[in-house]
Amino acid sequence: MATFKPKFLKPDTDDAIADTGGDTEPQSSAFVFNANHNLGLVEQRERLPIRQYRDQILYCLENYQVLILVGETGSGKSTQVPQYLYEFGWHTKGMIGITEPRRVSTVTLANRVAQERGELVGDTVGYVVRFLERMSNETQIKFMTEGILLRELLADPLLTQYGVIIVDEAHERNMLTDMVLGLLKKILRKRSNLKIIISSATIDASFFSEFFSWPGSKDISVKLSIEGRMHAVNHYYLNEPCADYVRETVETVWKLHQKEPPGDILAFLTGQEEVLEALDLLREYIASSELNNLKVLPMYGSMSSNDQLAVFFTPAKGVRKVVLATNVAETSITIPGIVYVIDCGYVKVKWYNPDTCSDSLVVVPVSKASAVQRAGRAGRMRPGKVYSLYTKQDYEALEPRQPPELRRSELCGAVLQLKALGISNILRFDFPSPPPAKNLLSALETLYALDAIDEQGQLTKPVGYLLAELPFSAMLSKMLFVSGKLGCAEEIITIIAMLQVQSVFSNPVSAVAQQGARIAHRHFEVAEGDLITLLNVHSAFVEDGMTKEFCGQYYLIYRHLKRACELREQLLTLARKKYGIPIFSCKGDVEMVCKCITAGFFTQVAYLHHSGVYRQISSSTELSVHPTSTLYTLPQAQYVVYGELLQTTKLFMNQVTVIKKEWLTELAPHYYQQTTVRD
DNA sequence: GAGCACTGC
């Protein structure tokens with residue numbers, strides 16, 4: 001392991017830290033706590049790589065307003081930096097706040113830090129995530145998700161209760177990360193006593209230091225690079241590009257299995273279809289050979305919890321485990337025992353198209369950052385190997401990072417949030433990476449149609465402010481607002497809660513089970529469409545006592561359904577107590593529920609053209625019902641609204657509900673004059 | 001006839 005002498009770097013000396021490791025060896029690291037697990041917590045802390053940088057970190061914070069802390073995960077920065085600040089007395093100037101992109105890491109980190117301090121979480125160290133809060137008057141170190149900080153900004157625009165804010169994992173550049181960064185920059189100008197620490201992967205460091213500087217001012221930011229710790233990882237590239245990376249993945253697994261010493265394999269592919277294809281191919285290889293010591297497992301998001309669990313088990317002695325995974329294994333799930341990684345070099349991303357107001361699912365080359373992240377999944381336990389299914393030249397040509405989410409997403413929610421924070425001219429807001437103006441304008445148009453903003457772009461009262469405060473999309477919020485007036489808020493809240501979670505319908509691995517799932521799901525389907533079907537799933541789940549057995553029987557994903565129920569409870573309380581929305585049930589009046597749905601989705605209508613194909617009412621673009629929709633197999637209705645448009649092989653409508661034409665002029669007369677509605 | 005992954009009092 002190279003020893004690295006820390007140096008202070010000003011923003012104009014970018015090049016000095018360009019590379020901290022060999023470029024063939026990605027610098028992710030082992031989860032360092034394991035190495036010292038026999039030691040006491042104090043000794044473990046002392047041994048962390050970040051320990052030797054403590055004084056530099058404190059010095060930087062004394063002298064600069066923004067510290068960009070560069071280093072891979074595993075250096076211990078998320079757990080140690082807050083404690084160094086606390087031990088040095090920074091908490092006397094206001095709380096030390098740490099934002100995290102995910103709930104799980106927020107809670108885990110807070111627990112870990114409290115444990116290291118020999119306290120219970122909720123004393124000096126606390127956390128806040130949606131639904132869960134461990135805080136007290138003593139709390140000085142506060143972990144939270146980015147969304148929580150954004151909510152707090154509504155009540156306290158200058159974040160006066162904080163002395164330091166640490167933005168962890170800033171290199172992920174989620175939509176919320178970018179909004180937080182833009183807002184923090186604004187606050188910095190007004191509060192010279194607020195300090196910011198941006199925790200980032202190497203590749204993005206100079207981007208952040210450029211963002212946190214403004215012309216004519218003295219340097220406000222400084223960079224500090226932290227060396228992580230890892231086992232050696234050998235990296236292999238192809239000599240020639242390959243034509244079919246699924247087949248290449250399978251062949252690589254096979255060769256590796258025959259030649260390499262024991263150790264499990266993780267292969268990254270782009271989607272479920274590829275995972276299942278590779279699974280079939282690999283099983284053919286196994287069937288036609290003598291080798292039976294290879295256990296192949298798929299891993300993707302819509303698998304049931306039970307199927308997913310399989311990848312965490314240690315295989316029998318002498319058996320090698322191969323996990324064929326989508327991007328779930330890149331960030332959200334860590335599979336133990338991985339020594340070999342195979343990276344196909346591609347990723348599937350969602351991309352918003354403001355012209356059709358649709359999302360596209362496109363397969364694109366991974367970014368360098370992603371490739372490094374994937375490679376880092378090897379070498380966590382012991383020295384590992386990475387096989388990239390592209391050439392070294394192709395690697396060099398990769399983009400440094402994926403375009404940030406904010407540049408490729410629908411922006412209604414972001415615009416509402418910023419408006420509520422008093423930023424009237426969104427087009428001039430200082431985004432870390434400004435989104436396309438077209439996306440912003442499209443969001444403004446939608447918000448105007450929903451009556452959330454007026455002609456001047458000001459939030460309306462009460463609708464605009466309500467939509468900005470509710471924690472889900474503008475259209476769903478509008479739906480809830482109307483449902484309060486029409487007396488079916490209970491049903492709409494259930495539907496909204498079900499739409500907030502990932503699909504509750506599980507997608508089994510085997511063909512037989514897939515058939516079983518289709519039949520089971522039919523149990524809930526109704527002619528009105530997907531949202532009423534979700535309502536049915538929820539009632540059936542609750543009536544049955546919310547059991548895992550019920551989910552198993554009907555091929556539903558328990559963890560998603562359970563979360564939907566939690567959300568529903570929270571939304572009911574929130575709607576009733578905070579927003580005064582009358583909560584009534586329409587007791588089976590399905591038409592009333594469909595009307596409310598229309599009141600939210602009225603800008604997204606399709607009518608059945610005489611050619612037998614649906615068309616967008618506003619643009620005549622041809623639309624199709626998505627094959628996963630309830631309505632796919634039913635006779636086509638004349639008019640439907642949809643919640644989502646997805647461009648893959650065609651433009652597909654998702655979350656489809658059958659409506660009556662008259663409802664449009666009744667519920668959105670400002671948007672639909674009678675004459676514009678076609679027969 | 002087709003489904004990357006997260007997330008918000």
Side-chain angles (χ1 to χ4, degrees), chain A residues 99-106 128-133 135 144-155 169 172-177 179-180 268-276 299-303 325-333 344 346-351 359-364 366 370 373 402 405 408-409 413-414 416-417 468-473 476-477 496-497 499-508 514 517-518 557 560 563 566-567 569-575 577-579 624-629 631-633 644 646-650 652-655:
Chain A
T99 69
E100 293 290 329
R102 279 170 293 281
R103 290 160 51 89
V104 176
S105 52
T106 310
V128 186
V129 299
R130 191 170 185 179
F131 300 130
L132 290 175
E133 182 171 332
M135 293 281 291
M144 68 201 119
T145 43
E146 291 161 343
I148 298 287
L149 188 73
L150 220 57
R151 292 281 147 184
E152 286 185 2
L153 275 162
L154 285 174
E169 314 276 7
E172 286 191 17
R173 303 292 306 279
N174 300 324
M175 181 125 87
L176 293 180
T177 318
M179 288 177 63
V180 165
F268 285 101
L269 293 163
T270 73
Q272 178 184 322
E273 200 182 333
E274 289 173 9
V275 166
L276 294 177
M299 180 79 209
Y300 48 82
S302 64
M303 270 165 54
T326 62
N327 244 13
V328 267
E330 192 181 305
T331 47
S332 60
I333 284 173
C344 77
Y346 289 88
V347 64
K348 200 177 277 187
V349 289
K350 220 173 189 180
W351 210 288
D359 286 311
S360 300
L361 268 183
V362 284
V363 173
V364 297
V366 291
S370 233
Q373 180 73 18
Q402 206 75 245
E405 192 184 10
R408 49 186 175 84
S409 302
L416 272 175
Q417 284 274 331
E469 277 206 53
L470 289 171
F472 31 80
S473 84
L476 294 180
S477 304
I496 290 176
L499 289 174
Q500 299 306 297
V501 298
Q502 293 165 62
S503 176
V504 298
F505 299 110
S506 93
N507 230 321
Q514 275 179 22
R518 260 195 292 274
I557 301 174
H560 295 170
R563 182 154 158 77
E566 286 172 11
L567 268 163
E569 289 307 317
Q570 185 202 21
L571 295 180
L572 280 171
T573 317
L574 199 70
K577 293 200 177 143
K578 190 162 176 193
Y579 302 108
S624 309
V625 174
H626 195 276
T628 53
S629 168
L631 295 180
Y632 185 77
T633 47
E644 189 183 66
L646 195 62
Q647 170 89 58
T648 51
T649 51
K650 286 179 184 172
F652 286 114
M653 298 182 279
N654 271 325
Q655 303 161 18

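Hydrogens, waters and symmetry mates play no part in the numbers below; they use all other heavy atoms, side chains included. A note on names: the letters A, B, ... follow the listed sequences, proteins ahead of strands, and every chain is numbered from 1.
The nearest whole Å value for the distance from the CG atom in Asn327(A) to the P atom in dC6(B) is 9 Å. Atom C1' of nucleotide dA5(B) and atom CD of Gln500(A) are separated by 16 Å, given to the nearest angstrom. In this structure, the CG atom of Leu646(A) is 11 Å from the C1' atom of dC4(B), given to the nearest Å. Rounded to an integer number of Å, the gap from Ile148(A) CD1 to dC9(B) P is 3 Å. The separation between Asn654(A) atom CG and dG1(B) atom C1' is 13 Å, rounded to whole Å. Computed from coordinates, the Leu631(A) CG to dA2(B) P distance equals 17 Å when rounded to whole Å. Taking atom CD of residue Gln272(A) and atom P of nucleotide dG3(B), one finds them 10 Å apart after rounding to whole Å. Straight-line distance from the NE2 atom of His626(A) to the C1' atom of dA2(B): 5 Å, rounded to whole Å.
Contacts of Glu273(A) with the nucleic acid, taken as non-hydrogen atoms under 4.0 Å apart, include base atoms. Residue Thr628(A) is in base contact, counting any heavy-atom pair closer than 4.0 Å across all strands shown. Across all strands, Ser503(A) comes closer than 4.0 Å to no nucleic acid atom at all (heavy-atom distances). Contact annotation for Glu146(A): no contact, since no heavy-atom pair falls under 4.0 Å across all strands. Using a 4.0 Å heavy-atom distance criterion, Leu361(A) is classed as a base contact.
Ion pairing of Lys578(A) with Glu469(A) is present here, as a side-chain N (NZ or NE/NH1/NH2) and a carboxylate O approach within less than 4.0 Å. Salt bridge Arg102(A)/Glu172(A): present, at least one basic N to carboxylate O contact under 4.0 Å. Electrostatic pairing of Glu644(A) and Lys350(A) counts as a salt bridge here, judged by a charged N lying under 4.0 Å from a carboxylate O.
The phosphate of dA5(B) has neither OP1 nor OP2 within less than 4.0 Å of any side-chain N or O from Arg173(A). Taking side-chain N and O atoms only, Thr648(A) has a distance below 4.0 Å to OP1 or OP2 of dG3(B). Regarding contacts with the backbone of dT7(B), every side-chain N or O of Thr145(A) stays at 4.0 angstrom or more from both OP1 and OP2.
Checking Glu146(A) against Thr177(A) by side-chain atom types alone, a donor-acceptor pair falls below 3.5 Å.
Listed candidates were dC9(B), dG3(B), dA5(B). Nearest to the side chain of Lys348(A) is dG3(B). For Gln502(A), taking side-chain heavy atoms from C-beta onward, the closest of the listed nucleotides dG3(B), dC6(B), dC4(B) is dC6(B). Nearest nucleotide to the side chain of Pro627(A), out of dC4(B), dG1(B), dC9(B): dG1(B). Nearest nucleotide to the side chain of Thr326(A), out of dC9(B), dC6(B), dC4(B): dC4(B).
In this structure Gln570(A) satisfies the side chain to side chain donor-acceptor pair (under 3.5 Å) test together with Arg130(A), sequence neighbours excluded.
Side-chain contact between Gln514(A) and Leu276(A) is present, with at least one heavy-atom pair separated by less than 4.5 Å.
Residues Val347(A) and Arg563(A) both approach DNA chain B. Their nearest nucleotides, taken by heavy-atom distance, put Val347(A) toward the 5′ side. Along DNA chain B, the nucleotide nearest Arg518(A) and the nucleotide nearest Leu574(A) are compared for position; the residue whose nucleotide lies closer to the 5' end is Arg518(A).
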